[in-house]
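One-based numbering along the sequence shown. Please read these numbers as outputs of a predicted model, since none were measured by experiment.
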Amino acid sequence: MADTTPKKADLVAQELKGILEKSGKNCVTLPWADVYAIAERKHWTDKAHEETRDELHARGVTIGYGKHVVIVAKDENFAPVAGVSK
C-alpha cells in the first residue's frame with residue numbers, strides 16, 4: 001500500500017464540522033480509527049492537533065482528545081450547570 005499525504009487541517013475540520021451538523025446534536029464522539037480515516041493519517045501529531053483545533057475554532061467548533069475517542073462540539077454553553085455560572 002502506498003503512503004498517502006495526510007489531508008490538510010482545513011479539510012479535516014470541514015468534514016468534522018459536517019459530521020457534527022448532520023448529527024443534529026451539540027456534540028459527537030468519534031473513535032480514533034474514524035478520525036484517522038477522515039484525516040488520512042496513521043498517527044495524530046501535535047501539529048495536526050493544533051492545526052485542526054485552530055481550523056475548528058474558526059468555524060465555531062471545539063475539539064477534545066481522549067484516550068479512546070475524539071469529541072467534537074459546538075463552541076457554546078449548551079449544557080450549563082445551575083448555580084455555577086453567575
Tell me, do L30 and V69 make a side-chain contact under 4.5 Å, heavy atoms counted?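 Not touching, per the 4.5 Å side-chain cut-off.
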If we only count heavy atoms from C-beta on, is the R41 to P6 side-chain gap below 4.5 Å?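 Counting from C-beta outward, R41 and P6 do come under 4.5 Å.
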Taking the basic N atoms (NZ, or NE/NH1/NH2) and the acidic carboxylate oxygens, is any pair closer than 4.0 Å for E55 and K17?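 No, E55 and K17 are not salt-bridged.
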Check [X] against [Y] and note the closest heavy-atom contact, atom names and distance.
X: T62; Y: K74; result: CG2-O, 4.3 Å
X: L56; Y: A13; result: CD2-O, 3.5 Å
X: L20; Y: K25; result: CD1-O, 3.6 Å

Checking V28 against I71 for the side-chain contact (heavy atoms from CB on, under 4.5 Å) test, could you report, in this order, the C-alpha distance in whole Å, the side-chain angles of both residues, the deciding distance, and whether it holds? CA-CA 6 Å; V28 294; I71 301 164; over 6 Å; no
I'd like to know whether E15 forms a salt bridge (Lys or Arg N to Asp or Glu O under 4.0 Å) with K7, so could you lay out the CA-CA distance, the side-chain angles of the two residues, the decisive distance to 0.1 Å, and finally the verdict. CA-CA 11 Å; E15 192 163 343; K7 196 179 289 181; 2.9 Å; yes
Against I63, only a single residue in L16, D54, V12 fulfils side-chain contact (heavy atoms from CB on, under 4.5 Å); can you say which?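 Of the listed options, the one satisfying the test is L16.
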Quick one: sort the Y65 and W32 rings into parallel, tilted or perpendicular, breaks at 30° and 60°.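 Ring orientation of Y65 relative to W32: parallel.
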Linked, directly or transitively: Y36 and I19 (ILVMFWY side chains, under 4.5 Å):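 Yes, Y36 and I19 fall within the same hydrophobic cluster.
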Report whether W44 and L11 are members of the same hydrophobic cluster (ILVMFWY, side-chain heavy atoms less than 4.5 Å apart, transitive linking).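 Not linked; separate clusters.
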